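Chain naming here is simple, since letters A, B, ... match the order of the sequence lines and numbering starts at 1 in each. Here the structure is a predicted model, which means the values were calculated and not measured.
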2 protein chains.
Amino acid sequence: MVRKPTSKESARKPNMREAILAAAEELFATNGFNAVSVRDIAQAAGANPGSVTYHFKTKDGLLLEIYRRHCGPMNLRRSELLAAAKRVRDLQDRLEAIVRAYVVPAFTSGSDLAGGGARFTRLRAVMSAEGNEVARKIIAQTFDDTSHAFIDAIHESLPHIPRKDIVWRSHFLLGALYYSLVTPDRVSRLSRGEADGSDPANAIEQLVQATVASFQAPALDQPARRRPVVSSKT
Amino acid sequence: MVRKPTSKESARKPNMREAILAAAEELFATNGFNAVSVRDIAQAAGANPGSVTYHFKTKDGLLLEIYRRHCGPMNLRRSELLAAAKRVRDLQDRLEAIVRAYVVPAFTSGSDLAGGGARFTRLRAVMSAEGNEVARKIIAQTFDDTSHAFIDAIHESLPHIPRKDIVWRSHFLLGALYYSLVTPDRVSRLSRGEADGSDPANAIEQLVQATVASFQAPALDQPARRRPVVSSKT
DNA sequence: ATGTGATTTGTACTATCGTACAAAAGATCA
DNA sequence: TGATCTTTTGTACGATAGTACAAATCACAT
């Protein structure tokens with residue numbers, strides 16, 4: 001019974017708990033877990049360091065709660081979009097719909113938090129890179145089901161591609177997705193302003209298009225169209 | 001005059017400086033910059049914490065030296081492979097050779113350090129995710145030239161694709177590359193043992209194949225009412 | 001062997017970390 | 001209003017961080 005919807009909020013800070021969560025999410029996502037102190041988070045949220053301990057007990061507990069907050073809605077939304085995608089008749093269109101069902105919720109809101117989708121996905125990317133233990137456990141047990149569902153769906157629309165190859169390519173998809181959220185400025189810089197790496201709609205379309213094509217690549221063990229050309233070894 | 005090739009090495013530790021660099025590289029790459037203390041590094045290298053200060057002045061200085069050590073050889077190797085790739089006549093084969101020239105040095109040795117390529121690339125991935133300032137500066141001024149060279153080369157072999165799209169897709173390539181080195185176990189897990197995410201040769205082939213296909217995808221702003229059913233080049 | 005410069009060690013200083021906890025303040029309802 | 005529960009504040013503690021620095025040790029030319 002921790003949650004109680006107070007009709008009359010605190011005068012100073014309406015829902016400090018949420019403010020701390022939001023601040024932590026932002027700071028963790030941009031600086032990593034260890035680079036951010038509890039005091040940093042409290043200050044960004046306009047709270048007292050003790051408040052963080054009160055609401056979340058430990059720093060790990062705070063991270064855990066951020067994940068709990070987002071995982072459910074995001075996976076739900078992905079499931080809905082995946083179900084809809086699987087009803088698409090045309091195989092080519094279906095594949096694109098499936099990829100889109102995977103990508104879109106990662107970039108856009110997790111249904112309750114405004115613009116929270118991209119921030120949370122970036123957080124996951126950073127925690128994954130840092131090898132964060134708390135995150136690793138939650139991710140494996142929360143997202144693997146979803147990942148398998150997507151892999152299976154993709155496999156059904158590309159029956160001639162070995163499942164192994166599809167796993168690799170969906171892994172590349174997640175890496176590309178993560179990286180797009182981690183350093184969007186790199187796209188702007190390398191394209192000399194022609195592309196805006198920070199524009200989610202742009203990123204989604206580019207990522208979906210590129211990924212669909214990668215999934216449609218011939219299988220690896222298939223007799224290659226032609227021989228690899230340069231550098232077999234050194 | 002810091003470097004002096006001693007014919008008779010120290011009895012205890014042959015080249016402690018190298019041991020510290022190697023230990024730091026490994027620890028930073030797997031745990032992130034802030035999660036690793038100077039004392040952790042010293043202990044892993046069998047050195048005294050003071051030695052780290054002596055050789056590299058600060059923790060940032062240590063990271064800087066790691067980058068200095070690898071950037072040159074890796075970019076040199078990439079340049080060589082790129083030059084060779086650009087001499088390939090067939091456009092399709094050339095594209096694959098170019099992608100391979102980009103990917104291979106990231107996975108394999110930086111010519112002087114054994115197996116250091118993958119470790120250093122993983123380090124870059126982690127520093128990028130953490131938004132590390134020291135790394136950000138070096139990366140931008142060291143790798144952007146190389147990136148542009150590759151983008152230009154790819155653009156030449158795919159003249160009908162807007163440069164903007166090629167930037168996006170090469171960005172996805174780097175993200176996929178990074179992520180493959182950060183969590184190779186995920187591939188093994190999701191493929192239920194069918195694929196080994198830790199096998200560099202495997203990762204390279206899968207990544208090259210998928211990436212070449214993604215580059216060959218039709219341009220985004222193209223009408224694209226109905227796209228080619230299976231990779232137009234086959 | 002001895003002096004000299006390069007390296008390694010040991011230790012200490014200050015800052016900041018995560019967290020605990022008691023007291024203050026605010027909210028809710030009889 | 002006063003009692004009670006929730007939340008916020010302020011402060012403090014032990015651990016550990018990065019780094020500085022003097023003493024000890026080593027390698028080697030003389």
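Among the nucleotides C/dT19, C/dA12, C/dC17, the one closest to the side chain of A/Ser37 is C/dC17. The side chain of A/Ser51 has D/dT9 as its nearest neighbour among D/dT9, C/dC17, D/dG18. Closest to the B/Lys59 side chain, of the nucleotides D/dT9, D/dT19, D/dT7, is D/dT19. Comparing C/dA12, C/dT8, D/dT6 by their nearest atom to the side chain of A/Tyr54 picks out D/dT6. For A/Arg39, counting side-chain heavy atoms from C-beta on, the closest listed nucleotide (C/dA12, D/dA20, C/dG18) is C/dG18.
The distance between atom CD1 of B/Ile41 and atom P of C/dT8, rounded to the nearest whole Å, is 16 Å. Put simply, CG on A/Asn15 is 9 Å from P on D/dT7, counting in whole angstrom units. The distance between atom CG of B/Asp60 and atom P of D/dT19, rounded to the nearest whole Å, is 7 Å. Atom C1' of nucleotide D/dT8 and atom CD1 of A/Ile20 are separated by 10 Å, given to the nearest angstrom. The separation between A/Leu63 atom CG and C/dG18 atom P is 13 Å, rounded to whole Å. Rounding to whole angstrom units, CE of residue A/Met16 and P of C/dA25 are separated by 16 Å. The distance from atom CG of A/Leu62 to atom P of C/dG18 is 11 Å, rounded to the nearest whole Å. Atom CG of A/Leu27 and atom P of C/dC17 are 12 Å apart (whole Å).
Nearer the 5' end of DNA chain C, as judged by each residue's closest nucleotide, is the contact made by A/Val36, out of A/Val36 and A/Gly50.
Close to D/dT8, at under 4.0 Å from its OP1 or OP2, lies no side-chain N or O of A/Asn48. Distances shorter than 4.0 Å separate none of the side-chain N or O atoms of B/His55 from OP1 or OP2 on C/dA6. Distances shorter than 4.0 Å separate none of the side-chain N or O atoms of A/Thr53 from OP1 or OP2 on C/dT19.
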message: Set out, in order, the CA-CA distance, both residues' side-chain angles and the distance that settles side chain to side chain contact (heavy atoms under 4.5 Å, CB included) for A/His171 and B/Thr183, then state yes or no.
response: CA-CA 9 Å; A/His171 191 68; B/Thr183 61; 3.5 Å; yes
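Using a distance-only test at 3.5 Å, with no hydrogens or angles considered, no donor-acceptor pair links the side chain of B/Ser51 to the main chain of B/Ala47. Between the side chain of A/Arg169 and the main chain of A/Phe215, a donor-acceptor pair closer than 3.5 Å is present. Between the side chain of A/Lys59 and the backbone N or O of A/Phe33 there is at least one donor-acceptor pair closer than 3.5 Å.
We find the SG-CD1 distance between A/Cys71 and A/Ile139 to be 6.0 Å, quoted to the nearest 0.5 Å.
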